[in-house]
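Report on the following structure.
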Amino acid sequence: MDDYRLIADEVAADITSGRLRPGQQLPTQRAFARRRGIAASTAGRVYRELVRRGLTVGEVGRGTFVRAGGRSGENGRIALAEPATAPIDLELNYPSAPGQAELLAGALTPLLRADALEEALRPVGAAGTDAARQAFAGLLTAGTGGWEVDARGLLFAGNGRQAVAGALAALVAPGQRLGVEALTYPVVKALAGRLGVRLVPLAVDEHGLRPDAVAAAHRTAPLSAVYLQPRLQNPLGISLPPERAVALAAELRRLDLPVIEDAIWSFLRPELAPLAALAPERTVLVDSLSKRLAPGLTVGFAVVPDGLRERVAGALRTGGWTPSGFALEAAVRWIGDGTLAAVTAAKRTDAAVRQALAREALAGQRLRADPCSYYLWWELPGSWRAETFVAAAARAGISVTPAAAFAVDPRSTPSAVRVGLASPPLPVLAWALRVLAGIADGVTGDGQTGDAGN
């Protein structure tokens, strides 16, 4: 093993044992090299290795800090995949509508008959069933700004992550470049690492992904595809306005680039047409039922253009990402009897209530969010570093997500956090947001004045 990795192992042990605490700043690379008696270049490799493992984060102009929680996905890449340990979870974000379980149970009762159950337990391929393709095409057509979805283009996966993985594997070969928003869905970072795909951060402004950023990245070295969330982008909550969406679709067509459009949160803004409506010949739209319904019994699905369908279907089969027949049949019933429509309508109302509550509790803070969204992006006051703030929130029993989880380039990580609003009951959410506001203003969770630099 290289010497720098042995040294990185020693620092990693200090982090996992608690000798180095979340939010604690590491010495400068030069000071670290002097203390260890190693070359400055070796110290730089140690620090890069710690960032790669997801144990530290570098903030431009500030230094290197221990990540809050020290959790990472495979290959050291941050992934929001496990429940947070803090009592109040504002990190993972799974909404639940009042009375949801009772609604879902009613549709499942006929499925438990022996004959229906036998049929539902048969294996299902990526193409699903004719009933599933028709039901999901109707669901998307009704909830995507009037876009007419062709049922023949539907493919299915076990969940949304698997649908994204299938699209990535089909469109981008190992070693090739995938353009993504500079702050992107953490699971895409983990999937890209697993598939050997190189992520290229693309600049975003207040209107979303910039077409000129895509063109500039493609000129530097060819991109194989672009992944983005045009509606309610996670974590920023941005939705492309119509004129930006048209310009982006035109640029992608000019560059002849395929697109993976992640529509996971789009059900909260059903009036907005997807990018796939503007560039259907090159866009794979992926979605799932995990946010619309519940994460425990879900289905991923994709609308795939003719020229890409066999490639995506093959990737889903090869990856073992095809759907559960029982979950697919349950979803067909939930769509057909109106259960899904009722649950999603309730969640739209709930999201708006929670967003308004957050705006009130965090008044005066620098927030970015859509009023229909279940999360917000919080640019912290100047005295705070994201990792230190996350550690302070955890001490108060509240988990939030640091910007490093979403940043494609760890050298360009803003001092910000994403706050998920979906999980706690409303009174608990209100209390937690007030506590976070107090922490940001220099008051700790127990009401005592604190120092953001500690």
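Not measured: the values here are computed from a predicted model.
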### Message
Side chains of Val417 and Phe389, heavy atoms from C-beta outward: is any pair under 4.5 Å?
### Response
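Answer yes - side chains close enough.
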Can any side-chain N or O of [X] pair as donor or acceptor with the backbone N or O of [Y] at less than 3.5 Å?
| X | Y | value |
| --- | --- | --- |
| Thr318 | Ala315 | no |
| Trp334 | Leu104 | yes |
| Arg210 | Ala203 | no |
| Thr141 | Glu148 | no |
| Lys347 | Lys291 | yes |
| Arg231 | Ala263 | no |
| Arg418 | Glu91 | yes |

Hey, could you give me the [atom1]/[atom2] distance between [X] and [Y], rounded to the nearest 0.5 Å?
| X | Y | atom1 | atom2 | value |
| --- | --- | --- | --- | --- |
| Leu209 | Leu252 | CG | CG | 7.5 Å |
| Gln100 | Thr339 | CD | OG1 | 10.5 Å |
| Leu92 | Ser399 | CG | OG | 7.5 Å |
| Leu171 | Leu257 | CG | CG | 10.5 Å |
| Ile264 | Arg161 | CD1 | CZ | 9.5 Å |

### Task
Count the heavy atoms of every other residue, nucleotide or ligand shown that sit under 6.0 Å from CD of Glu360, and state whether that count exceeds 12.
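No, CD of Glu360 has 12 or fewer neighbouring heavy atoms, counting only those of other groups under 6.0 Å.
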### Task
Quick one: do Leu289 and Phe301 satisfy side-chain contact (heavy atoms from CB on, under 4.5 Å)? Show the steps, please.
CA-CA 9 Å; Leu289 298 186; Phe301 48 101; 3.9 Å; yes
Minimal non-hydrogen separation, [X] against [Y], with atom names:
| X | Y | answer |
| --- | --- | --- |
| Ala294 | Thr298 | O-CB, 4.0 Å |
| Leu376 | Ala358 | CD2-CB, 3.6 Å |
| Ala279 | Ala249 | CB-CB, 4.3 Å |
| Ala396 | Val435 | CB-CG1, 4.0 Å |
| Pro274 | Glu261 | CB-OE2, 3.2 Å |
| Ala182 | Val204 | N-CG2, 4.4 Å |

#### Entry: Criterion ring-ring contact (aromatic ring centres under 6.0 Å, His included) on Tyr227 and Tyr185, from CA distance to verdict
CA-CA 10 Å; Tyr227 164 91; Tyr185 180 34; 7.2 Å; no
### Task
With salt bridge (charged side-chain N to carboxylate O under 4.0 Å, His left out) as the test, would you mind laying out the steps for Asp256 and Arg282 before giving the verdict?
CA-CA 8 Å; Asp256 194 24; Arg282 66 188 57 256; 3.3 Å; yes
### Task
Check the pair Arg269, Glu271 against side-chain contact (heavy atoms from CB on, under 4.5 Å), reporting the backbone distance first and the verdict last.
CA-CA 6 Å; Arg269 292 293 305 270; Glu271 79 283 6; 2.5 Å; yes
### Query
What pairs with Arg366 under salt bridge (charged side-chain N to carboxylate O under 4.0 Å, His left out), at least two apart in sequence or on another chain?
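Result, salt bridge (charged side-chain N to carboxylate O under 4.0 Å, His left out) vs Arg366: Glu379.
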#### Entry: Parallel, tilted or perpendicular, as decided by the 30° and 60° cut-offs, for the rings of Tyr374 and Trp265
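Ring orientation, 0 to 90° scale: tilted.
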### Task
Using the side-chain contact (heavy atoms from CB on, under 4.5 Å) rule, take Val303 and Leu154 through it: C-alpha gap first, then chi angles, then the decisive distance, then the call.
CA-CA 5 Å; Val303 182; Leu154 265 294; 4.2 Å; yes
### Task
Could you go through the salt bridge (charged side-chain N to carboxylate O under 4.0 Å, His left out) check for Glu206 and Arg368 one step at a time?
CA-CA 9 Å; Glu206 68 275 14; Arg368 181 185 293 184; over 6 Å; no
### Message
Working note: Ser415 + Leu380, criterion side-chain contact (heavy atoms from CB on, under 4.5 Å); need CA distance, chi angles, decisive distance, verdict.
### Response
CA-CA 6 Å; Ser415 183; Leu380 297 169; 4.1 Å; yes
#### Entry: CA sep, side-chain torsions, deciding dist, call: Trp378, Gln365, side-chain hydrogen bond (donor to acceptor under 3.5 Å, both in side chains)
CA-CA 7 Å; Trp378 185 354; Gln365 303 294 333; 3.2 Å; yes
### side chain to side chain contact (heavy atoms under 4.5 Å, CB included) partner of Val400, chosen from Ile88, Val419, Asp89
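Only match with Val400 under side chain to side chain contact (heavy atoms under 4.5 Å, CB included): Val419.
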### Message
Out of the candidates Leu340, Asp287, Val332, only one should pair with Leu139 under the side chain to side chain contact (heavy atoms under 4.5 Å, CB included) rule; please name it.
### Response
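The option that passes is Leu340.
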#### Entry: Carboxylate-amine/guanidinium contact Arg253 Glu251, below 4.0 Å
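Answer for the salt bridge query: no.
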### Query
Between Arg354 and Asp350, does at least one N-O distance fall below 4.0 Å, as a salt bridge requires?
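Looking at Asp350 together with Arg354, the answer is yes, because their closest N to O distance falls below 4.0 Å.
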